[in-house]
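Data first, discussion second: the structure below is written as structure tokens.
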2 protein chains.
Amino acid sequence: MATIKDVSRLAGVSVATVSRVLNQNGYVHEDTEKKVLNAIRELNYIPNDVARSLTKKSAKMLALIVPDITNPFFNELARAVEKVTQLYGYATILCNSDDTPANEKQYIHALKQKYIDGFILATNTLSPEEIQQLDVPVVMLDRTISSTIPTVASDNREGARMAVQFLLNQGCRTIAHIRGPLELSIADERCQGYLDEVGQADWFQPDLIVNGDFNLHHAADAIHELLDRHPDIDGIFAGNDIMAMGALRAVQKRGVAVPDAMQIVGYDGITLGGMVYPELTTVAQPIYEMGLLAARMLIKLIEKKPLDVMHYKLDVELVQRGTTRGSANQP
Amino acid sequence: MATIKDVSRLAGVSVATVSRVLNQNGYVHEDTEKKVLNAIRELNYIPNDVARSLTKKSAKMLALIVPDITNPFFNELARAVEKVTQLYGYATILCNSDDTPANEKQYIHALKQKYIDGFILATNTLSPEEIQQLDVPVVMLDRTISSTIPTVASDNREGARMAVQFLLNQGCRTIAHIRGPLELSIADERCQGYLDEVGQADWFQPDLIVNGDFNLHHAADAIHELLDRHPDIDGIFAGNDIMAMGALRAVQKRGVAVPDAMQIVGYDGITLGGMVYPELTTVAQPIYEMGLLAARMLIKLIEKKPLDVMHYKLDVELVQRGTTRGSANQP
DNA sequence: CTTCCATGTGTAACCGGTTACACATCGTGT
DNA sequence: ACACGATGTGTAACCGGTTACACATGGAAG
């Protein structure tokens with residue numbers, strides 16, 4: 001591998017001049033530049049990123065920390081983030097935190113030793129104070145925790161309202177909600193949206209809300225129990241698509257016809273939802289866009305460019321498919 | 001951030017001694033070591049990875065190149081790889097190649113500038129010669145292309161045979177095969193396994209094999225066409241689970257009962273297969289183990305430890321679930 | 001005809017580690 | 001008593017870049 005010294009020797013200039021040509025800063029005579037460029041071409045020289053990182057204290061890398069890359073929501077996100085970072089000449093480091101604070105901290109400290117430039121956190125194990133103390137650019141994805149940290153999220157409460165409203169319009173008389181983990185703000189917001197719509201209904205009872213932990217099997221179990229208690233339920237709003245799929249399976253296993261006797265709406269809009277039968281009706285977040293946006297924000301932050309918006313709250317869209325009796329239906 | 005100089009000053013020794021303590025090489029007096037260790041603790045010193053990389057020409061990072069992290073097979077793999085790398089103190093860089101050779105090469109060259117230590121390739125866009133020329137440790141995952149490059153794969157042909165045999169045992173009279181892309185060796189091997197079992201059958205016709213491109217929608221379309229041509233088909237062996245899910249959907253849409261009138265077996269054993277209804281019967285590869293193995297192999301390669309096995313061909317297992325009429329069935 | 005600043009380039013320090021080499025000390029075998 | 005190898009430690013070069021600073025020019029303003 002050729003070094004900057006080889007180039008400087010071949011071009012008959014000093015390394016400083018080569019560096020100036022490389023970084024396009026400082027004054028360099030046009031003719032000199034040409035000589036340098038020729039030498040670079042001839043030697044097939046590519047600057048060494050590590051040496052550069054050492055002085056610049058930047059590795060042109062950023063990390064994406066997710067609870068579990070296996071989760072469709074996060075891998076669609078990862079796809080988008082990676083796309084952007086590649087475009088801007090950064091590399092993406094992948095970290096699975098398993099939602100364990102210790103893991104997450106360990107990752108962060110290890111990566112800071114590598115002069116990582118910033119983090120996209122799609123987790124909620126760290127407190128705002130801890131994040132602030134990291135002293136490194138951070139963007140929160142899908143989990144708002146502090147007004148001082150830039151975030152990208154969707155309008156969860158409004159999305160939930162849309163879902164429940166839709167179920168009501170479709171003729172549902174008793175709608176249950178499988179919510180996500182208690183400590184997650186997004187799960188709360190979606191639950192709140194559900195309550196906004198049905199909290200005052202005469203049929204409403206608090207035990208129509210069950211916790212499915214954003215997990216397929218938990219959700220399926222929860223639905224079985226719920227339907228034992230409330231056989232009259234004819235609509236389910238799930239806090240995410242994975243739980244909606246769990247609900248779907250549970251309902252199908254009970255021999256209840258979907259969408260004829262039971263309608264289900266999920267939340268997220270993961271690709272997976274289109275792969276089951278019937279296809280999941282869902283409140284689709286622009287997952288890919290959220291990833292793109294978060295990555296672009298982080299890069300702006302890193303490069304000290306101004307952020308026009310600190311908190312993105314993206315619009316969601318109701319995608320009517322087979323688990324509800326919509327008009328534009330294709331069961 | 002404290003540097004090695006700060007430590008040496010506080011401990012009253014030279015940086016060389018500190019370095020020796022850090023790396024546990026060379027002679028260091030017990031007492032001196034204690035002084036150094038104390039200084040390290042006091043200053044909360046952590047060595048700078050970038051500086052270290054510069055001399056060691058190793059960044060303690062490896063890259064996982066997959067066609068698309070969104071694909072369940074690859075993200076389960078990624079999960080495993082990341083687990084191992086973290087355990088051994090490496091970081092994992094994630095790359096989506098989109099199956100484009102240009103992308104892949106660009107990634108590789110960019111990362112070599114960062115002193116990346118090795119690559120796990122779950123793609124097949126590069127020729128063995130190109131890989132050899134990279135002059136960096138590589139492990140191929142799921143795609144065997146050369147005897148000189150270490151690989152981890154499953155016994156595709158045998159797995160396919162198991163699947164088809166099982167369908168025959170279950171009473172299928174006419175079994176179709178949706179195969180993967182023509183240029184992929186694993187798709188060929190699975191197709192070959194199918195042919196091993198039914199190629200000589202009196203009912204066999206070459207056009208019972210269709211290409212589904214490892215893609216859900218292509219597979220669904222292909223199945224529709226196929227069933228129009230061959231209404232007598234009562235069993236489908238799909239080259240992977242995604243296509244099996246596409247087939248399942250297509251069949252369900254036609255109102256054909258699964259598994260009563262049509263049995264389906266997939267290949268891969270992705271978690272997703274257990275999320276649809278009925279659950280997919282499949283030939284399960286030990287995906288997670290494959291990822292673990294590949295990562296461990298690569299790290300051995302990097303650390304110049306001997307490999308006991310160059311080519312792993314892992315056993316697969318038939319997982320009987322709802323899309324076939326097995327005994328241990330739970331439709 | 002100075003003065004001054006924009007332009008152009010080289011020298012050397014620096015980033016934060018590793019390590020070859022030099023040098024000292026000490027125990028031990030002869 | 002002496003040679004020698006094991007032990008212990010420091011100095012300085014090196015990895016491959018960036019950049020502060022010094023030192024030229026040359027043209028324009030005063």
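Letters go in sequence order (proteins before strands), and every chain restarts at 1. Atoms considered below: every heavy atom in the structure, side chains included; atoms not considered: hydrogens, waters and symmetry mates.
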Would you tabulate the pairs of protein nitrogen or oxygen atoms and nucleotide nitrogen or oxygen atoms of nucleotides 27-29 of chain C closer than 3.5 angstrom?
none

Quick one: does B/Thr123's side chain have a donor or acceptor within less than 3.5 Å of a partner on B/Val66's backbone? no
Distances under 3.5 Å between protein N/O atoms and the N/O atoms of nucleotides 11-16 of chain C, please, pair by pair.
from   : atom 1 : to      : atom 2 : distance (Å)
C/dC15 : O3'    : A/Lys57 : NZ     : 3.1
C/dG16 : OP1    : A/Lys57 : NZ     : 3.2

Any donor-acceptor pair under 3.5 Å from B/Asp6 side chain to B/Thr3 backbone: yes
Using C1' atoms of five pairs at each end, report the bend of the helix from C/dC1-D/dG30 to C/dT30-D/dA1 rounded to 10 degrees. 50°
Run the side chain to side chain contact (heavy atoms under 4.5 Å, CB included) test against B/Thr271 and tell me which residues pass, sequence neighbours left out. B/Glu76, B/Met275
Side-chain donor-acceptor pair under 3.5 Å between B/Ser14 and B/Ser8, yes or no? no
Whole angstroms only, please: what is the CD-P distance between B/Gln24 and C/dT18? 12 Å
Between A/Lys56 and A/Asp49, does the salt bridge (Lys or Arg N to Asp or Glu O under 4.0 Å) criterion hold? Intermediate values first, please. CA-CA 10 Å; A/Lys56 292 284 188 69; A/Asp49 272 347; over 6 Å; no
In chain order, what residues pass the side chain to side chain donor-acceptor pair (under 3.5 Å) check against B/Lys105, with sequence neighbours excluded? B/Glu130
OP1 or OP2 of D/dT7 versus the side-chain N and O atoms of B/Tyr27: is any pair under 4.0 Å? yes
Would you confirm whether B/His311, through its side chain, and B/Ser147, through its main-chain N or O, come within 3.5 Å as a donor-acceptor pair? yes
So, using side chain to side chain contact (heavy atoms under 4.5 Å, CB included) as the criterion, who are the partners of B/Ile46 when residues are at least two apart? A/Gln113
Around atom CE of A/Met310, are there more than 12 heavy atoms from other residues, nucleotides or ligands closer than 6.0 Å? yes
B/Ile93 versus B/Tyr107: any side-chain heavy-atom pair under 4.5 Å? no
What is the separation between atom CZ on A/Arg9 and atom P on D/dG17, rounded to the nearest whole Å? 12 Å
Evaluate A/Lys112 against A/Asp135 for salt bridge (Lys or Arg N to Asp or Glu O under 4.0 Å), listing each step before the verdict. CA-CA 10 Å; A/Lys112 282 184 74 175; A/Asp135 189 36; 5.3 Å; no
In this structure, how many angstroms lie between the C1' atom of D/dT9 and the NE2 atom of B/His29, rounded? 12 Å
How many whole angstroms separate atom CD of A/Glu30 from atom P of C/dT7? 14 Å
Would you kindly give the CG-to-P distance between A/Asn25 and D/dT18, to the nearest whole Å? 9 Å
